> 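Here it is, the structure in full.
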Amino acid sequence: MVGRNDPCPCGSGKKYKKCCESKETISIEEVKTEELERVLQTFYDEYPERKDYAAFGDFATDWTKSLKSFMEQEMIEAIAMDEFFFHQRIDIWTGYLEKQRKKIARPSTLKVLDSWNEPRAFVGEVTVVEEQYLTVKHVLSNETILLRRENDKPVPVGMHIYCFILPDGQGDGHYLAVSSLVFFPTDHKVVFEDFTKKFKALDDTTEQVFLKENGMKLWIALGENGYEGGEYTFFEAGVLQQAMDFLEKNSREYKKLIEVVEDYLFEQQPNARKEVAIAAGAIRFGQENGFFEPLNFTVKEIAEAFDVSTSSLNKYYQELNAYYAEMKI
């Protein structure tokens, strides 16, 4: 047990009573994590600085010209900002880190910051999903890492991701996404396979150099394959749109229902032949669980409205019921 006058185990150099004693419910690791998150957030709050506006503006304009027919401006600028800071102008990032080191006293936090000088681009496929980390395999090098989950949103195995990564201080192979952690629906698997083939055809380059030189080409290929910035497959998006259109037509609120159906589609990956079968099942599920004001529709009438059989409707109604019951446990 740590005495009140003993050095604080967090490594701050202060006595325990003057440091973490008042934070009994917060672990040292949680304190360190909060500090690291603050360092990252402050960077995006303060940069680019005025003196870098012109350079970043020119860089972002080039990316906008190439991607504007595929994605929204906000997403293009977020992608371009990470590329600018962590591929083109790494000096801005390292200069910022040097300033932060002078403000932080906790040795354990400083040790992590010392490993942050070289953020890496990571293009990977999710192979395992756990409570705190995703196991992700780099598509170019086959390197496997544990990537910290940013929230509790379900992530199915097989999705691809793109981000810049940094060690998170929890051990070898443990990383966090610096900023934009982008998930890609399984519709775009062929794009990543083709990208990997192009890399493996070269003998004289590393994956980091290849990603720096070909990052925009990857995003263009994704856009040409139909990617618009969403995390849903074309099929999943169709299910959601069918359900929303039906409820909107009948003047019913759909937000609460769609949140559950989104997670069900994302996590369970139902193997339906028709989008409308799941959408119809979702409407019955929503009505019977009070997600919107009841409709004057029988099960048969819901099925007829979507032109599906009642057996198909009931199959996905029952799956949604079981999924929702599991969620509430």
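The figures that follow rest on heavy atoms only: side chains count, while hydrogens, waters and symmetry mates do not. Since we're looking at a predicted model, the values are computed, not measured. Numbers for residues simply follow the sequence, beginning at 1.
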> Counting only heavy atoms not in E74, do more than 12 sit closer than 6.0 Å to its CD atom?
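Incorrect, the count does not exceed 12.
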> With H160 as reference, evaluate F192, F183, Y227, F184 under the ring-ring contact (aromatic ring centres under 6.0 Å, His included) test and give the passing residue.
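Considering F192, F183, Y227, F184, a ring-ring contact (aromatic ring centres under 6.0 Å, His included) with H160 is found only for F192.
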> Taking the side chain from H174 and the backbone from D172, do they hold a donor-acceptor pair closer than 3.5 Å?
yes
> Which pair of heavy atoms, one from Q287 and one from L295, lies closest together, and at what distance?
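So the two residues come closest at OE1-N, 2.8 Å.
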> Counting the benzene-type ring for Trp, do Y254 and F291 have ring centres under 6.0 Å apart?
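No, too far apart.
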> Surrounding CD of E49 (heavy atoms of other residues, nucleotides or ligands, distance under 6.0 Å), is the total greater than 12?
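More than 12 heavy atoms, drawn from other residues, nucleotides or ligands, come within 6.0 Å of this atom.
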> Tell me if a side-chain donor or acceptor on E319 pairs with a main-chain N or O of K315 at a distance below 3.5 Å.
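No; zero donor-acceptor contacts below 3.5 Å.
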> Would you say N142 has more than 12 foreign heavy atoms packed within less than 6.0 Å of its CG?
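Count over threshold, so yes.
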> Spell out, as yes or no, whether a donor-acceptor pair under 3.5 Å connects the side chain of E301 to the backbone of T298.
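Such a contact is found between E301 side chain and T298 backbone.
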> Are E72 and E228 close enough that some pair of their side-chain heavy atoms sits under 4.5 Å apart?
no
> Can you name the nearest heavy-atom pair linking F285 to L257, along with the distance?
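For F285 and L257, the tightest heavy-atom pair comes out as CD2-CD1, 3.6 Å.
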> Can we say K102 and E98 salt-bridge, meaning some charged N sits less than 4.0 Å from an Asp/Glu carboxylate O?
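No, no charged N to carboxylate O under 4.0 Å.
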> Nearest heavy-atom pair of F56 and E77: which atoms, and what distance?
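Reported closest heavy-atom pair: CZ-O, 4.2 Å.
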> Under the criterion salt bridge (Lys or Arg N to Asp or Glu O under 4.0 Å), I'd like the reasoning laid out for R120 against E143: C-alpha separation, chi angles, the key distance, then a yes or no.
CA-CA 12 Å; R120 291 193 290 142; E143 173 193 8; 2.9 Å; yes
> Any donor-acceptor pair under 3.5 Å linking the side chain of T94 with the backbone of D91?
yes
> Can you see which heavy atom on A121 is nearest to which on Y162, and at what distance?
CB-OH, 4.1 Å
> Within the 4.5 Å heavy-atom criterion, are I161 and L181 side-chain neighbours or not?
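Yes, at least one pair of side-chain atoms sits under 4.5 Å.
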> Could you state whether L247 and Y324 fall into the same hydrophobic cluster, counting links through intermediate Ile, Leu, Val, Met, Phe, Trp or Tyr residues with side-chain heavy atoms under 4.5 angstrom apart?
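In one cluster with L247: Y324, yes.
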> Are E37 and R148 within salt-bridge range, i.e. N to O under 4.0 Å?
yes
> Quick check: are there more than 12 heavy atoms from other residues, nucleotides or ligands sitting under 6.0 Å from CD of Q268?
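Yes, CD of Q268 has more than 12 neighbouring heavy atoms, counting only those of other groups under 6.0 Å.
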> Counting only N and O atoms by type, is there a donor-acceptor contact under 3.5 Å from the side chain of W116 to the main-chain atoms of L97?
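Flag not set: sc W116 to bb L97 has no pair under 3.5 Å.
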> What about the rings of W93 and Y44, do their centers lie closer together than 6.0 Å?
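Centroid separation for W93 and Y44: 6.0 Å or greater.
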> Distance alone, cut at 3.5 Å: any donor-acceptor contact between the side chains of E118 and Q208?
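There is no such pair (donor and acceptor under 3.5 Å, judged by atom type) between the side chains of E118 and Q208.
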> Take V299 and N314 through the side chain to side chain contact (heavy atoms under 4.5 Å, CB included) test and state the conclusion after the steps.
CA-CA 9 Å; V299 173; N314 285 328; 4.0 Å; yes
> Looking at every heavy atom in both L146 and T135, which two are closest together, and how far apart are they?
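Scanning both residues completely, I find the closest heavy atoms to be CD2-OG1, 3.3 Å.
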> With the 4.5 Å side-chain cut-off for hydrophobic clustering, are I258 and I302 part of the same group?
yes
> Are K103 and E35 within salt-bridge range, i.e. N to O under 4.0 Å?
no
> I'd like to check I104 versus V39 (side-chain heavy atoms, cut-off strictly below 4.5 Å). Are they in contact?
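Sidechains of V39 and I104: in contact.
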> Before you tell me yes or no, could you show the steps for D82 and V178 under side chain to side chain contact (heavy atoms under 4.5 Å, CB included), namely the whole-Å CA-CA distance, both residues' side-chain angles and the distance that decides it to 0.1 Å?
CA-CA 9 Å; D82 283 354; V178 184; 5.7 Å; no
> Tell me whether R252 forms a cation-pi arrangement with F292, defined as NZ or CZ under 6.0 Å from the six-membered ring centre and within 45 degrees of its axis.
no
> Under 4.5 Å between side-chain heavy atoms, hopping through other hydrophobics if needed: is there a path connecting M327 to I278?
yes
> Compare all side-chain heavy atoms of V129 with those of V126 and state whether any distance is below 4.5 angstrom.
yes
> Kindly indicate whether a cation-pi arrangement holds for R101 with Y96, taking the cut-offs as under 6.0 Å to the six-membered ring centre and within 45° of the axis.
no
> For D45, is the CG atom crowded, meaning more than 12 foreign heavy atoms sit under 6.0 Å from it?
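Check passes, neighbour count above 12.
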> In terms of heavy-atom contacts, does CD of E150 have more than 12 from other residues, nucleotides or ligands at under 6.0 Å?
yes
> Using a 4.5 Å cut-off on heavy atoms from C-beta on, say whether the side chain of V123 contacts that of L211.
yes
> So does H138 get a backbone contact from the side chain of S141, meaning a donor-acceptor N/O pair under 3.5 Å?
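Not confirmed, S141 side chain does not pair with H138 backbone.
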> As a test of understanding, state which of Q242, Q241, K249 forms a side chain to side chain donor-acceptor pair (under 3.5 Å) with D245.
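With D245 as partner, side chain to side chain donor-acceptor pair (under 3.5 Å) holds for just one option, Q241.
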> What I'd like to find out is whether the side chain of N214 reaches to under 4.5 Å of the side chain of K217, using heavy atoms alone.
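Yes - at least one pair of side-chain heavy atoms lies under 4.5 Å apart.
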> List the steps and the verdict of side chain to side chain donor-acceptor pair (under 3.5 Å) for Y323 and E267.
CA-CA 10 Å; Y323 174 75; E267 190 168 11; 2.9 Å; yes
> If you apply the rule side chain to side chain contact (heavy atoms under 4.5 Å, CB included), what do you find for L36 with V112, and how did you get there?
CA-CA 8 Å; L36 294 173; V112 178; 3.8 Å; yes
> Taking V209 as the starting point, is it possible to reach I165 by hopping between hydrophobic residues whose side chains are less than 4.5 Å apart?
no
> Would you confirm whether the ring centroid of F164 sits within less than 6.0 angstrom of the ring centroid of F85?
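Aromatic pair excluded; centres sit 6.0 Å or further apart.
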> Do the side chains of V136 and T144 get nearer than 4.5 Å, heavy atoms only?
no
> Taking F43 as the starting point, is it possible to reach L110 by hopping between hydrophobic residues whose side chains are less than 4.5 Å apart?
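Yes, same cluster.
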> Evaluate the side chain to side chain contact (heavy atoms under 4.5 Å, CB included) criterion for residues L40 and L176: first the C-alpha distance (whole Å), next the side-chain angles of each, then the deciding distance (0.1 Å), finally the verdict.
CA-CA 11 Å; L40 288 175; L176 54 78; 3.7 Å; yes
> Quick one: does any side-chain atom of K137 pair with a main-chain N or O of E125 as donor and acceptor, under 3.5 Å?
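No.
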> Would you indicate whether the side-chain heavy atoms of Y133 and D168 approach each other to under 4.5 Å?
yes
> Determine whether the side chains of T61 and T64 contain a donor N or O and an acceptor N or O closer than 3.5 Å.
no
> Which heavy atom of D187 sits nearest to which heavy atom of N225, and what is that distance?
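For D187 and N225, the tightest heavy-atom pair comes out as O-ND2, 3.5 Å.
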> Should E34 and R38 be marked as a salt bridge (Lys or Arg N to Asp or Glu O under 4.0 Å) after you check the CA-CA gap, both sets of side-chain angles, and the distance that decides it?
CA-CA 6 Å; E34 288 179 5; R38 189 159 53 247; 5.2 Å; no
